[in-house]
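For clarity, every value in this text was computed on a predicted model and none was experimentally measured. Read the numbers this way: they start at 1 and go in the same order the structure lists the ligands and their atoms.
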Amino acid sequence: MYAQILLPLAVGTTFTYTVPPELAARVKPGVRVVVQFGARRYYTGIVTALSNTPPEGAGQLKAVSDVADNTPVVLPAQLKLWQWISSYYMCTQGEVMKAALPSGLKLESETTLLRNDDYVPSAEEPLTPIEADICRVLSADKGYNILAIEKALGQRALMRPIRHLMQLGAVVVRESMTHSFKPRTEAYVRLAPALFTEVALHLTLDALQRAPAQHALFVNYLDMAGVTAAVKLGNAQMLKPVTRHDLCHAPNAATALAALKKRGVLEVYAVETSRLRPSVAERAGQDAPMLDKPLSTEQQRAHDEIVAAFATKEVCLLHGVTSSGKTEVYTQLIKETLARGEQVLYLVPEIALTTQLTSRLERVFGTQMGVYHSKFPDAERVEMWQRQLTPEAFPLVVGVRSSLFLPFRRLGLVIVDEEHETSYKQQDPAPRYHARDTAIVMAHQLGAKVLLGTATPAIETYHNALSGKYGLVRMAHRYGGVELPEIVVEDVKELRRKRLMKSPFSPRLATEVRKAIEGGGQAILFQNRRGYAPVLECKACGWTPRCTRCDVSLTYHQRLGKLVCHYCGAQYSVPTQCPACGGTEMRDMGYGTEKIEDEAAKAFPDARMERMDLDTTRSRTAYERIIHRFASGDTNLLIGTQMVTKGLDFDRVQVVGVLNADQMLGQPDFRAYERAYQMMSQVAGRAGRRGSRGLVVVQTKQADNPIIDYVRRSDYEAMYRQQLAERQAFGYPPFSRIISIYLKHRNDAVVDHAARHLAALLRPHFADGMLGPDRPVVARVQMQYIRKIMLKVPLQFTPTSVRRTLLAARDVVHGFDVYKSVTIYFDVE
Ligand code: ADP
Ligand code: ZN
Ligand code: ZN
């Protein structure tokens with residue numbers, strides 16, 4: 001027997017191996033096998049097909065070394081989807097496999113392993129001698145790969161014992177992402193049960209009079225946990241969970257807490273924060289309104305129209321203004337789908353959204369819901385994957401784009417929330433897929449429906465909806481009859497001329513923020529740049545520090561005390577002297593969120609502010625905490641990058657400031673205006689969601705830019721018409737498909753020649769539809785020089801024929817020895 005095997009490689013399609021008779025019964029499509037590839041390397045591969053005849057021209061074939069599963073871990077439908085992705089987005093199926101499977105499911109020679117010292121061997125299942133040897137070689141903090149273990153033990157074929165050790169939990173895969181780690185447990189503080197009476201509390205407070213720090217901390221705790229009210233009603237269930245982190249803000253709080261513990265006043269306990277379920281912190285975090293309320297008339301109409309649209313269409317767009325209550329409509333549809341015994345995949349663009357959303361959905365769906373996230377430790381992702389193959393599969397999966405790779409056996413509905421979000425598109429590495437578009441294909445393959453929801457649809461989506469390809473359902477009003485916020489535009493150019501811009505906040509914005517805070521409300525300030533200042537400059541000669549590996553200036557990060565390259569992540573110390581002129585004075589130019597934070601501290605000294613950007617949210621719990629503190633009113637001024645624009649639902653935000661609209665309008669991309677509109681409307685949508693009407697202040701030097709006017713009038717339709725006209729005039733999507741071709745090499749001349757050569761081959765096919773080769777704005781990243789060719793592919797060209805042309809042209813270029821080492825890849829749409 002011969003097996004076609006897919007390996008997680010960037011070359012080729014599948015590889016043929018022979019199946020030894022003793023393994024034949026277990027080798028089936030979808031099971032994992034271990035095979036040797038090259039002289040020393042072992043990989044876990046997936047069997048895609050079996051046959052009795054050897055492929056033509058096959059020489060000496062290697063045999064499958066081992067079979068890892070008794071039942072398939074990848075379903076036929078998944079293999080089909082991988083095939084589509086690899087073909088449409090022009091990468092290998094191996095690259096799709098690599099992205100789709102959690103590391104723990106695709107053990108290979110290079111996989112780095114750690115020993116888990118928390119593992120206790122059980123008496124029923126003692127380790128075999130070889131397993132014990134492997135554990136001895138491994139360490140708990142320094143990773144070893146399988147090749148290294150083989151070498152250390154002078155023994156080969158260790159995949160099977162290693163896999164068994166992983167099943168036992170004795171060995172774990174080291175995560176490649178350094179920021180992905182989420183603590184397993186979180187510390188919580190609670191009142192000693194004996195003190196749960198009014199009398200006991202009074203006595204305790206009296207006793208603490210002479211220990212002011214402890215007294216203060218205790219009062220804080222009573223407040224945060226809502227003890228007084230709970231004691232009054234004699235209901236300990238009402239106590240709110242308080243994390244140690246949230247309680248211990250003040251400098252000596254930890255010491256005070258330790259003392260209170262010793263006195264037996266407070267207790268500290270650990271809560272396991274499982275990744276498959278929303279954490280306790282999330283669930284307890286907010287007094288968020290319950291979901292599962294009766295739908296309003298408008299929501300009910302939208303729901304009915306969606307159901308009707310699904311009778312004839314596979315995809316439906318729900319275009320509902322911010323705070324129209326789209327989530328409740330989704331909830332209703334999810335319930336109906338689950339009731340039919342079908343599964344629902346609820347896609348969200350980013351982690352920021354999952355925090356609030358999962359706690360809202362959890363109240364309705366409880367244990368029926370699983371959450372899947374690329375930031376979860378690998379072991380948890382493996383657990384979820386395997387669970388989804390069993391009858392215990394979660395019927396509802398909430399997750400980011402990679403969750404569409406999970407196995408689904410009876411998918412009925414996919415919801416793509418905030419479908420316009422750019423984070424649905426994977427940039428690097430391959431597969432460079434778009435999760436919304438892939439979800440539509442997947443749903444089609446599985447016979448499921450797709451609901452796209454947003455207040456600001458992508459131009460392409462809206463076009464598809466208007467043309468009748470998708471159903472279109474609208475909700476034009478906010479839930480509860482709250483008005484959309486008032487949006488005022490502040491002309492920064494004019495204010496500067498009049499010398500009224502004394503800070504990054506216009507006088508109007510500053511006044512409104514102050515008013516909101518003084519009145520017990522909240523405000524959000526949006527600046528789409530992290531760090532302190534985007535540019536540092538020598539005062540004397542204008543020299544600016546740049547990354548040595550990339551062609552960009554470095555961003556000054558004051559909190560870190562470093563200069564950081566936002567392209568490759570490299571950090572540099574801040575120069576004390578200018579290397580060009582010897583000058584010793586540097587000035588920073590422009591504003592990042594750190595500097596905005598400093599300026600806000602001066603302008604709004606009474607505000608309790610917090611910053612939310614990539615730097616303050618390295619761990620998942622950090623997000624949760626920031627959002628939780630803002631939702632609960634502990635903080636009242638949130639400063640952040642585009643993270644603050646996304647789908648968050650807060651009650652008391654009265655004012656939103658867009659500090660620099662020009663930065664978004666100035667991006668060199670045909671989608672820049674569309675994105676600027678979406679980002680501004682979305683952040684504006686955080687204002688005044690409950691009760692009184694909110695206010696949004698947009699600061700710009702381009703007050704007469706039409707996009708600014710569309711934002712001000714909340715006129716999506718006008719923005720759409722104007723952008724569509726431009727797209728048509730210049731032949732951009734939806735009137736063409738865009739394929740960008742990137743070429744990278746360490747030598748500028750080599751990449752330049754390769755790009756010209758490739759362009760010459762492609763020009764006859766695409767003529768005017770080809771732009772470039774050009775140097776992109778950042779023309780060198782990580783020592784690699786870059787060229788870009790952009791193709792506007794006419795819609796009548798089939799993806800298959802275009803793919804054939806492009807891959808052939810790439811092969812021609814790679815056929816020249818000088819160009820062999822040039823990286824060439826495609827980015828579709
Ligand atoms: P969107 O996703 O459209 O921006 P949300 O779903 O977040 O809007 O809803 C906005 C707010 O209105 C939420 O706080 C939600 O709880 C509330 N809400 C929406 N629909 C209802 C309903 N039918 N009953 C009670 N509250 C609702
Ligand atoms: Zn200088
Ligand atoms: Zn760099």
Side-chain angles (χ1 to χ4, degrees), residues 286-303 318-333 346 348-349 353 356-357 359-361 363-364 415 417-419 451 453-456 473-482 484-485 536-555 562-572 575-587 631 645-653 681-691 694 778-784 786:
Q286 301 119 31
D287 312 317
M290 296 277 272
L291 275 170
D292 204 18
K293 304 202 182 112
L295 297 183
S296 70
T297 320
E298 186 172 41
Q299 285 168 332
Q300 188 61 46
R301 180 197 38 84
H303 165 272
L318 173 58
H319 181 202
V321 298
T322 54
S323 206
S324 53
K326 295 184 283 295
T327 322
E328 321 283 326
V329 177
Y330 302 152
T331 306
Q332 186 56 35
L333 290 162
Y346 189 139
V348 289
L353 266 179
Q356 271 197 332
L357 186 76
S359 61
R360 284 172 74 177
L361 292 175
R363 289 161 204 253
V364 184
I415 294 169
D417 199 4
E418 311 291 352
E419 66 84 28
L451 180 61
T454 175
T456 53
V473 174
R474 297 178 210 271
M475 290 201 289
H477 307 99
R478 284 188 151 185
Y479 176 76
V482 181
L484 279 170
L536 213 57
E537 186 185 85
C538 168
K539 259 190 174 172
C541 76
W543 171 86
T544 62
R546 301 175 73 81
C547 182
T548 55
R549 300 155 53 82
C550 315
D551 271 348
V552 281
S553 55
L554 297 168
T555 302
K562 296 263 192 231
L563 296 169
V564 179
C565 172
H566 282 188
Y567 278 79
C568 71
Q571 299 188 355
Y572 300 78
T576 48
Q577 206 177 28
C578 168
C581 74
T584 53
E585 270 189 278
M586 296 278 163
R587 74 166 153 233
T645 67
K646 312 212 158 148
L648 297 169
D649 185 33
F650 301 118
D651 291 1
R652 284 165 290 215
V653 179
S681 310
Q682 290 290 344
V683 71
R686 303 314 113 209
R689 288 170 77 89
R690 221 96 66 228
V778 177
R780 188 178 53 125
V781 173
Q782 304 217 30
M783 306 297 268
Q784 302 266 342
I786 309 171

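Side-chain contact between T456 and T322 is absent, with no heavy-atom pair separated by less than 4.5 Å. With contacts defined as side-chain heavy-atom distances shorter than 4.5 Å, the pair H319/E419 does not qualify. Proximity of R478 to V321: side-chain heavy atoms (C-beta onward) are separated by under 4.5 Å at one or more points.
Closest non-hydrogen pair, W543 versus M586, comes out as CZ3-CE, 3.8 Å.
Between SG of C538 and SG of C578, the angle at the Zn ion (ligand 2) works out to 110°, rounded to 10 degrees. Between C547 atom SG and C565 atom SG, the angle centred on the Zn ion (ligand 3) amounts to 110° (nearest 10°).
The closest side-chain donor-acceptor pair between E298 and H477 falls under 3.5 angstrom.
Across the listed options D649, V321, D651, D649 owns the non-hydrogen atom lying nearest to atom 14 (O) of ligand 1. Looking at A455, G325, G480 and measuring to atom 5 (P) of ligand 1, the nearest heavy atom belongs to G325.
Checked by atom type and distance alone, the side chain of Q299 pairs as donor or acceptor with a backbone atom of G325 at under 3.5 Å. A distance-only check finds a donor-acceptor pair linking the side chain of R652 to the backbone of A631 [under 3.5 Å].
With a cut-off of 2.8 Å, the Zn ion (ligand 3) has an N, O or S atom of C550 in range.
At least one heavy atom of P294 sits less than 4.0 Å from an atom of ligand 1. Distances from ligand 1 to the non-hydrogen atoms of G320 include no value under 4.0 Å.
Considering backbone and side-chain N/O of R360, one or more are found under 3.5 Å from N/O of ligand 1.
Looking at Q299 against ligand 1, only its side chain comes within 4.0 Å, counting heavy atoms.
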